[in-house]
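Here the structure comes first, spelled out in C-alpha cells, and everything after it is commentary.
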Amino acid sequence: MTKARLLRLSVVLVSIFMILLIIVYWDNVGTAHFYLHTSFSRPHSPGAIPGIMAGEDWEALPDVDEFLAKLLSSSLKQNSSVPRKTEQLLVPGSSKPVVSNLEENVRGYDWSTHNDRNSLDQEKLQIERQRTLREFCANSSFTFPTKERSFDDIPNYELNHLIVDDRHGIIYCYVPKVACTNWKRVMIVLSESLLDQGVPYRNPLDIPREHVHNTSTHLTFNKFWRRYGKFSRHLMKIKLKKYTKFLFVRDPFVRLISAFRSKFELENEEFYRRFAIPMLKLYSNHTNLPTSVSEAFGAGLKVSFSDFIQYLLDPRTEKMAPFNEHWRQVYRLCHPCQIDYDFIGKLETLDEDAAYLLQLLKVDRLLRFPPSYRNRTASSWEDDWFAKIPLAWRQQLYKLYEADFVLFGYPKPENLLKD
C-alpha cells in the first residue's frame, strides 16, 4: 500500500514538473508560432533606469513564483546567446522614414531635429516623476477608486493595455490619445509580431494603422490566461519584476479634448453609432437621427463638446458600460499603484522622453521614434474649449480625473475651476 502511494505521488510530482517545463517552453517559443514572433526571448538589463539596480535580486516570491522564476531565468539565460540575425542597425541617413500612409501625410509631421544638449535632465526628471507617483500611491489620505486593491485583484480584462515584448524584456501600457499608435508601432518592430511578405517590419511608419490597432497583433497580459491557465498570474508577476515597464501620459483635460476632436469632429462610423447617437438623443433632444455618420454630418448633426462632457458626468453612463479607452482614466488603464513603472513619459516632452527611453532600452540603434505632428492638441486650448462649459461641470470633471492629475504631477487647472 505504501509503495503504491509513493508511486502515485511520484507520478503527480513528475506531471507537475513537466507542466511547468512546458509553460516555460511556451513562454520562449510559443509566441513564435501563435503570435508570429520569430525569435527566442532574452533577458533585458534595465541599465541606468531609475529605480532598478543592475543585478538586483527579486523580492521574496511565493514558492510557485520562485520556482517558475528560476526556470524562466535559466531558460532566458540560455536563449540570450542565440544569434539574432534579424536585428539590423539603423542605416545611416535613414532618420527620416518614408511616410507611406495618407493620414500621416495629412497630419504633417515635424521632422525638425532636437538638440540633445538642450533636453531636460532626463534621469532627474524620471526620479521626480516616479517619486511623485509613489508618494501619492502610498498616501492614505489621497483616495480614488481601485487604489487599494492588489495586482491579483485586477480582472484579466483590465490588463488588456499591457503589451509585452519578450525579445527585449519590455512591457508597455498604452494610453489612447498619448502617441499610442506610434508606440505600438515601435513595439511591433521590436517584437517582430507582424510580418510584411514574410519579413518583419523595420520602419515603424511603414506599418498600416489598421494593423497597429488590431488586438491580434500584440501579446497583452489579458491573453495570458488563455495560454497559461492558473499559472498566468505567476508569470505576469515574474515579467513585471524582470522586464522594463513604461507608459506615456498627458494632461487629462487636453487628452479629453483630443479624444473629442478625433472621434466626434471627424467622421467615424463606429463612434457615431455607439456614442454620438445616444448623446444627441439624451443631451440635444434629437430624434429620428440618420443611421450613418456621413448623413448626420451632412445634416449638421454633430455632438458638441458640451454633450460630451455631460455624457462623462452622467452617472448612467458607466452603469451601462465602462468608459471607452479613449477617455478612460489612466489609473484604470495602467494601474500605476499596482505596477511599479520604470519609466514615465509625457506627451508634453515626447521627443526628449522617447529618445531617452530608446537609449535606456538599448534599441536606439535599431529604430527611431516617429516624429510628432504639428497640429497636436495643445494645453493652451483649454480655456477656449471649456469657456462654454458651466463651472459646476468643470469642477465635477476635475474630480473625475483628479487621480490622473495628481499621480502624474499635472497642476490643478485653477483657472478653469474658479469664476
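Note: hydrogens, waters and symmetry copies are ignored here, and every other heavy atom, side chains too, is used.
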Which residues satisfy the side chain to side chain contact (heavy atoms under 4.5 Å, CB included) test with [X], sequence neighbours excluded?
| X | answer |
| --- | --- |
| Lys346 | Arg129, Val249, Glu348, Thr349, Asp353, Tyr410 |
| Phe297 | Glu267, Val293, Lys302 |
| Pro413 | Phe253, Tyr398, Phe405, Asn415, Leu416, Leu417 |
| Ser150 | Asp152, Asp153 |

(request) Report the C-alpha distance between Leu357 and Asp364 in whole Å, list the side-chain angles of each, state the deciding distance to 0.1 Å, and finish with yes or no for side chain to side chain contact (heavy atoms under 4.5 Å, CB included). (result) CA-CA 9 Å; Leu357 175 59; Asp364 54 309; over 6 Å; no

[Y] and [X], any side-chain heavy atoms less than 4.5 Å apart:
| X | Y | result |
| --- | --- | --- |
| Cys337 | Glu148 | no |
| Arg255 | Pro252 | no |
| Arg227 | Leu219 | yes |
| Tyr272 | Thr291 | no |
| Val186 | Tyr172 | no |
| Tyr243 | Asp166 | yes |
| Tyr283 | Val303 | no |
| Leu361 | His168 | no |

(request) Would you check if the distance from the ring center of Phe275 to the ring center of Trp327 is below 6.0 Å? (result) yes

(message) I'd like to know whether the aromatic ring centres of Tyr174 and Trp183 sit less than 6.0 Å apart in this structure.
(response) no

[X] side chain vs [Y] backbone, donor-acceptor pair below 3.5 Å:
| X | Y | answer |
| --- | --- | --- |
| Thr132 | Glu128 | yes |
| Arg261 | Leu266 | no |
| Ser232 | Tyr228 | no |
| Glu352 | Gln122 | no |
| Arg328 | Phe323 | yes |
| His218 | Val212 | yes |
| Thr220 | His161 | no |
| Asp404 | Val330 | yes |
| Thr317 | Tyr311 | yes |

(message) Applying side chain to side chain contact (heavy atoms under 4.5 Å, CB included) to Asp251 and Tyr401, what does each step give before you reach the verdict?
(response) CA-CA 10 Å; Asp251 179 289; Tyr401 289 87; over 6 Å; no

Nearest atoms (heavy-atom pairs only) where [X] meets [Y]:
| X | Y | answer |
| --- | --- | --- |
| His234 | Lys230 | CD2-O, 3.9 Å |
| Asn203 | Val189 | C-CG2, 4.3 Å |
| Pro155 | Arg233 | C-NH2, 3.7 Å |
| Ala403 | Tyr331 | CB-CD2, 3.6 Å |

(request) Check the side chains of Asn214 and Arg209 for a donor-acceptor pair under 3.5 angstrom, ignoring hydrogens and angles. (result) no

(request) Please determine, by modelled atom types, if Thr244 and Asp342 share a side-chain donor-acceptor pair under 3.5 angstrom. (result) no

(request) Quick one: list whatever passes salt bridge (charged side-chain N to carboxylate O under 4.0 Å, His left out) with Glu269, sequence neighbours left out. (result) Arg273

(message) List the residues meeting salt bridge (charged side-chain N to carboxylate O under 4.0 Å, His left out) with Lys319, not counting sequence neighbours, and say none if there are none.
(response) none

Measure the spacing between [atom1] of [X] and [atom2] of [Y] and express it to the nearest 0.5 Å.
| X | Y | atom1 | atom2 | result |
| --- | --- | --- | --- | --- |
| His286 | Leu301 | NE2 | CG | 5.5 Å |
| Asp165 | Lys239 | CG | NZ | 10.0 Å |
| Ser304 | Leu280 | OG | CG | 8.0 Å |
| Leu256 | Leu400 | CG | CG | 8.5 Å |
| Leu240 | Tyr341 | CG | OH | 8.0 Å |
| Leu407 | Gln329 | CG | CD | 11.0 Å |

(request) Give a yes or no on whether a salt bridge exists between Arg149 and Glu158, defined as a side-chain N under 4.0 angstrom from a carboxylate O. (result) yes

(request) Answer yes or no: is there an ion pair linking Asp314 with Arg316, defined by an N-O contact shorter than 4.0 Å? (result) yes

(request) Please identify each residue that fulfils disulfide (SG to SG under 2.5 Å) with Cys180, with sequence neighbours left out. (result) none

(message) Could you go through Leu205 and Asn182, starting from their C-alpha distance and side-chain angles, then the distance that decides it, and tell me whether this counts as side chain to side chain contact (heavy atoms under 4.5 Å, CB included)?
(response) CA-CA 8 Å; Leu205 282 179; Asn182 281 336; 3.9 Å; yes

(message) According to disulfide bond (SG atoms under 2.5 Å apart), does anything in residues 187-239 pair up with another residue at least two apart or in another chain? List the pairs.
(response) none

(message) Quick one, Asn139 with Arg134, criterion side-chain hydrogen bond (donor to acceptor under 3.5 Å, both in side chains). Give me CA distance, side-chain angles, the key distance, then yes/no.
(response) CA-CA 8 Å; Asn139 187 344; Arg134 288 165 183 163; over 6 Å; no

(request) Test Thr146 against His335 for side chain to side chain contact (heavy atoms under 4.5 Å, CB included), laying out the working first. (result) CA-CA 9 Å; Thr146 74; His335 320 288; 5.8 Å; no

Quick one: list whatever passes side chain to side chain donor-acceptor pair (under 3.5 Å) with [X], sequence neighbours left out.
| X | answer |
| --- | --- |
| Glu270 | Arg274 |
| His213 | Thr181, Lys184 |
| Glu295 | Ser292 |
| Gln338 | none |

(message) Tell me whether Lys263 forms a cation-pi arrangement with Phe271, defined as NZ or CZ under 6.0 Å from the six-membered ring centre and within 45 degrees of its axis.
(response) yes

(request) Would you kindly check if the NZ (Lys) or CZ (Arg) of Arg185 is within the cone defined by 45 degrees around the ring axis of Tyr201 and under 6.0 Å from the six-membered ring centre? (result) no

